[in-house]
Amino acid sequence: MTTTHVTLTVNGEQREADVEPRLLLVHLLRDVFGLTGTHIGCDTSNCGACTVHVNGRSAKSCTMLAVQADGAEIGTIEGLADGATLHPLQQAFWDQHGLQCGFCTPGMIMQAAWLLSENGDPTEEEIRHGISGNLCRCTGYVNIVKSIQQAAGSLAEAESARVVAAATTEGQAVTAEPATAG
Ligand code: FES
Ligand code: FES
């Protein structure tokens, strides 16, 4: 069996494996790296359950070969939380009941994370269009849309708090300059 050595950065960590050329990225993540948060719903690029980030863009990992991801930066649902603190999207799905069985949720959240990185203040229509490649058979999408709207608000608040904090620190640095004797 011919294998190819691949090296990827997954959630900030370098990972390596010898893979068969036919191995899909989703199987590399799940079966070789043990990152089973990425789901397989259809294997035919329809459902979006396998959505991850590849070099900052969302991608259905059942549509890519592992060898095509050699050298890439991959983000999966496991890398979204900050330790015990949920990502605003994870918190919003919790708060807004954006899931029922949860099967579509990791892919939905990864798709939404990419959507919000491209457009921090999407309209309902833009959200629905943005997640149109991710299928959910349980929720009817209403609470998913609400979850993404809540997360957009939380991320915008966090960003403005960060800007204010940076400006304050900068101001302190300026006022901390030693006064010249005069
Ligand atoms: Fe990849 Fe359904 S498993 S799109
Ligand atoms: Fe069940 Fe979406 S919550 S498929």
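Note that ligands are numbered from 1 as they come in the structure, with each ligand's atoms numbered from 1 the same way. Worth knowing before you read on, the calculation uses all heavy atoms, side chains too, and leaves out hydrogens, waters and symmetry mates.
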Metal environment of atom 1 (Fe) of ligand 1, protein N/O/S under 2.8 Å =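 Metal shell, protein only: Cys50 SG, Cys62 SG.
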Say whether [X] and [Y] are linked into one hydrophobic cluster, either directly or through other cluster members, by side-chain heavy-atom distances under 4.5 angstrom.
X: Val52; Y: Val19; answer: yes
X: Leu80; Y: Leu29; answer: no
X: Phe93; Y: Phe103; answer: no
X: Val145; Y: Leu89; answer: yes
X: Leu35; Y: Ile77; answer: no

For the pair Trp94 and Gln150, evaluate side chain to side chain contact (heavy atoms under 4.5 Å, CB included) and give the outcome as yes or no after the intermediate values.
-> CA-CA 11 Å; Trp94 177 282; Gln150 176 182 316; over 6 Å; no
Test side chain to side chain contact (heavy atoms under 4.5 Å, CB included) on Gln100 and Asn143 and set out the steps.
-> CA-CA 10 Å; Gln100 288 180 28; Asn143 288 356; over 6 Å; no
Please list, in chain and residue-number order, the protein N/O/S atoms closer than 2.8 Å to atom 1 (Fe) of ligand 2.
->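 Correct list: Cys101 SG, Cys138 SG.
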Test: Glu125 and Arg128 ion pair at under 4.0 Å =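 Between Arg128 and Glu125 there is no salt bridge, as every charged N stays at least 4.0 Å from the carboxylate O atoms.
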Donor-acceptor pair between Thr76 and Glu78 side chains, under 3.5 angstrom =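 Judged by distance alone, the side chains do pair up.
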